[in-house]
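All remarks here apply to the structure that follows.
So that the names make sense, note that chain A is the first sequence line, chain B the second, and so on, each numbered from 1.
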Amino acid sequence: MSENNIPSTNFIHAIIEKDLETGKHGGKVITRFPPEPNGYLHIGHAKAICLNFSTAQKYGGKCNLRYDDTNPIKEDVEYIHSIEEDVRWLGFAWDKRLWASDYFDTMYEAAVELIKKGKAYVCDLSADEMRAYRGSLTEPGKESPYRSRTVEENLHLFLEMKEGKYLEGEKVLRGKIDMASPNINLRDPIIYRIAYAEHHNTGEKWCIYPMYDFAHPIEDAIEGITHSICTLEFEDHRPLYDWCLREVGWWPNPPQQIEFARLNLTHTVMSKRLLKGLVDDGLVEGWDDPRMPTIAGLRRRGYTPEAIRDFCDRIGVAKSNSTVDVGLLEYCVREDLKDRVESRNVVENPIKVIITNYPEDVIEEMEMENNRNLPEMGSRMVPFGREILIDGNDFMEVPSKGYFRLFPGNEVRLKGAYFVTCTEAIKDENDNVTTLLCTYDPATKSGNGFEGRKVKGTIHWVEATTALPITIRHYDYLLTDEESGENRINPNSMEELIGYGEPNLADAQPGQRFQFFRHGYYIADSQLTNDNDKVFNRIVDLKSSFKVTK
RNA sequence: UGGGGUAUAGCCAAGUGGUAAGGCAGUGGAUUCUGAUUCCAUCACUCGCAGGUUCGAAUCCUGCUACCCUAGCCA
């Protein structure tokens with residue numbers, strides 16, 4: 001499971017290993033990933049997915065994919081396609097699609113069981129009244145006047161609720177626990193509410209739906225989940241989770257809820273509400289916009305599932321709230337991509353270079369290695385001629401200290417070609433450098449073993465007459481500030497610029513990744529690329545760029 | 001103001017009474033036809049704070065502090 005040498009272990013593994021030793025769950029490990037189908041998955045979900053699926057794998061168990069569809073008003077099957085695509089893309093598989101709603105019958109029977117045991121009652125308080133009766137953080141609640149209804153009356157009323165005899169909000173079923181509990185979740189929590197809504201799975205069969213706190217432990221128990229892993233905010237709900245299973249009493253080996261800290265990343269937001277806002281307000285192209293921290297966005301951005309799994313492995317699992325530096329995510333994708341993509345020459349902000357002593361009307365084919373570190377990836381031929389384009393960043397008219405690329409009088413290697421020396425910089429009326437005049441040394445042709453002299457800089461280039469114009473999209477972070485918030489959305493989070501690439505880039509397939517020489521890693525956009533317009537999305541920069549002052 | 005959690009380097013994170021793992025970031029250096037990669041070195045006398053117990057404490061005890069969650073008929 002681990003893609004690196006880091007021993008991937010955490011406090012949850014420790015709990016499981018102890019349970020395995022004591023035989024608590026009969027040596028079984030069954031986990032689950034239970035999304036509510038109400039939005040796209042993001043990198044935070046990836047942490048939960050990796051945790052649940054790989055923990056199950058690690059101990060020879062299994063992980064269920066189950067939709068927590070207990071609230072028909074909020075959910076939409078529209079999302080299940082993207083959820084499953086994303087989980088599958090991350091590299092995980094599940095037996096079959098499970099729905100919490102498939103257990104509605106059992107849940108109903110479990111509620112009846114509670115009523116029979118005197119542990120649940122039908123309450124007629126309105127939502128406002130109930131809030132008032134609940135008390136506050138510091139004050140105990142008051143018992144509902146309906147709390148003392150008889151079992152027979154509750155059974156009858158609950159049946160009528162189910163039969164649709166009451167309006168939404170008119171009645172609810174509540175657990176009878178303790179209105180004075182310091183844990184507000186235990187102050188007679190609502191277990192079933194009335195909702196006249198069409199459910200995607202059960203249609204109009206039900207007009208009462210179980211609440212999460214009641215439904216979830218039962219879903220887990222029915223599936224034989226051994227370890228129910230969820231996020232920290234459910235810590236206070238655990239006593240209720242345990243109460244439900246204990247009081248219903250049908251499962252001798254109830255699952256154990258374990259909480260961990262959800263993922264936060266610098267420079268972005270994980271809140272579904274905020275992400276949806278970006279989509280709805282048109283600030284991004286959609287849920288799969290490459291700037292989005294969604295799985296779909298990261299995929300389109302060019303991230304690999306391997307990189308994301310590696311990331312989830314490296315960040316660890318603990319209980320302290322933390323914000324992981326997005327630099328670690330970037331490291332993971334660089335680490336994965338460096339050994340699997342080919343390099344291509346691409347220049348941005350091009351400057352034309354005329355090699356004055358190179359013959360006109362001659363195009364040479366230069367052999368370029370596809371991956372400097374992996375000779376087995378072979379090489380390709382790239383045209384070279386008298387006029388070439390170099391990257392705007394590779395020339396400085398007045399070099400700063402430590403700059404060793406091109407400047408007047410300096411000699412550099414053109415990657416895969418010759419040494420050239422800049423003899424003159426030609427400027428336009430605005431004092432901008434437009435063309436460089438250089439001379440080349442035929443003796444220095446790449447690959448001929450020239451050792452006469454060394455040069456400190458190597459720059460890339462594309463031959464001017466055959467250069468392929470391309471569109472390069474550079475992405476910045478979603479947030480300019482590390483503290484997340486609505487007003488910090490970076491308005492300049494995408495920069496689109498014209499670049500020129502070597503001609504064979506015309507064959508780039510959508511989704512194909514490259515390292516653009518010196519620029520970082522890019523992917524041919526699967527949605528925007530067509531024969532006439534190649535668009536490449538920046539996945540991530542090279543680790544460090546040149547620092548002007550050293 | 002009740003209850004529940006969490007505090008170990010710039011960011012994550014191991015560690016459960018025997019003298020602070022690892023990763024990212026950073027720094028210095030070597031190699032380099034990518035200022036990438038690779039390699040080597042370096043990076044917490046101290047674990048939120050203050051006391052205490054102990055031969056010995058990040059780990060145990062006491063008292064503080066900070067931050068997070070919690071008063072949906074959401075999940």
What is the separation between atom [atom1] on [X] and atom [atom2] on [N], rounded to the nearest whole Å?
| X | N | atom1 | atom2 | result |
| --- | --- | --- | --- | --- |
| A/Leu173 | B/rC73 | CG | C1' | 12 Å |
| A/Leu263 | B/rC68 | CG | P | 18 Å |
| A/Phe311 | B/rA13 | CZ | C1' | 13 Å |

- Quote, to the nearest angstrom, the C1' distance that separates B/rA44 from B/rC12. 15 Å

- May I ask you to say whether A/Asp441 pairs ionically with A/Arg453, meaning some side-chain N is under 4.0 Å from a carboxylate O? yes

- Task: Taking the six-membered ring of A/Tyr108 (Phe, Tyr or Trp), confirm whether the NZ or CZ of A/Lys162 is under 6.0 Å from its centre and within 45° of its axis.
- Result: yes

Review item, nucleotides 29-32 of chain B N/O atoms under 3.5 Å of protein N/O:
{"residue": "B/rU32", "atom": "O2'", "partner": "A/Arg372", "partner atom": "NH1", "Å": "2.9"}
{"residue": "B/rU32", "atom": "O2'", "partner": "A/Arg372", "partner atom": "NH2", "Å": "2.2"}

Which pairs, protein N/O on one side and nucleotides 10-12 of chain B N/O on the other, fall under 3.5 Å?
{"residue": "B/rC11", "atom": "O3'", "partner": "A/Thr323", "partner atom": "O", "Å": "3.0"}
{"residue": "B/rC11", "atom": "O2'", "partner": "A/Thr323", "partner atom": "O", "Å": "3.0"}
{"residue": "B/rC11", "atom": "O2'", "partner": "A/Asp325", "partner atom": "N", "Å": "3.2"}
{"residue": "B/rC12", "atom": "OP1", "partner": "A/Thr323", "partner atom": "N", "Å": "2.9"}
{"residue": "B/rC12", "atom": "OP1", "partner": "A/Thr323", "partner atom": "O", "Å": "3.4"}
{"residue": "B/rC12", "atom": "O5'", "partner": "A/Thr323", "partner atom": "O", "Å": "3.3"}
{"residue": "B/rC12", "atom": "O2'", "partner": "A/Ile315", "partner atom": "O", "Å": "2.8"}

- Select base, sugar-phosphate, or nothing to describe what A/Gly141 touches, counting heavy atoms under 4.0 Å on all strands. nothing

- Query: Base, sugar-phosphate, or nothing: which does A/Lys319 touch, judged by heavy atoms less than 4.0 Å apart?
  - Reply: sugar-phosphate

- For RNA chain B, the residues among residues 39-49 of chain A that have a non-hydrogen atom under 4.0 Å from it: none

- Can you tell which of B/rA75, B/rA71, B/rU1 lies closest to the side chain of A/Arg134? B/rA71

- Task: For B/rG72, take OP1 and OP2 only and decide whether either is under 4.0 Å from a side-chain N or O of A/Arg193.
- Result: no

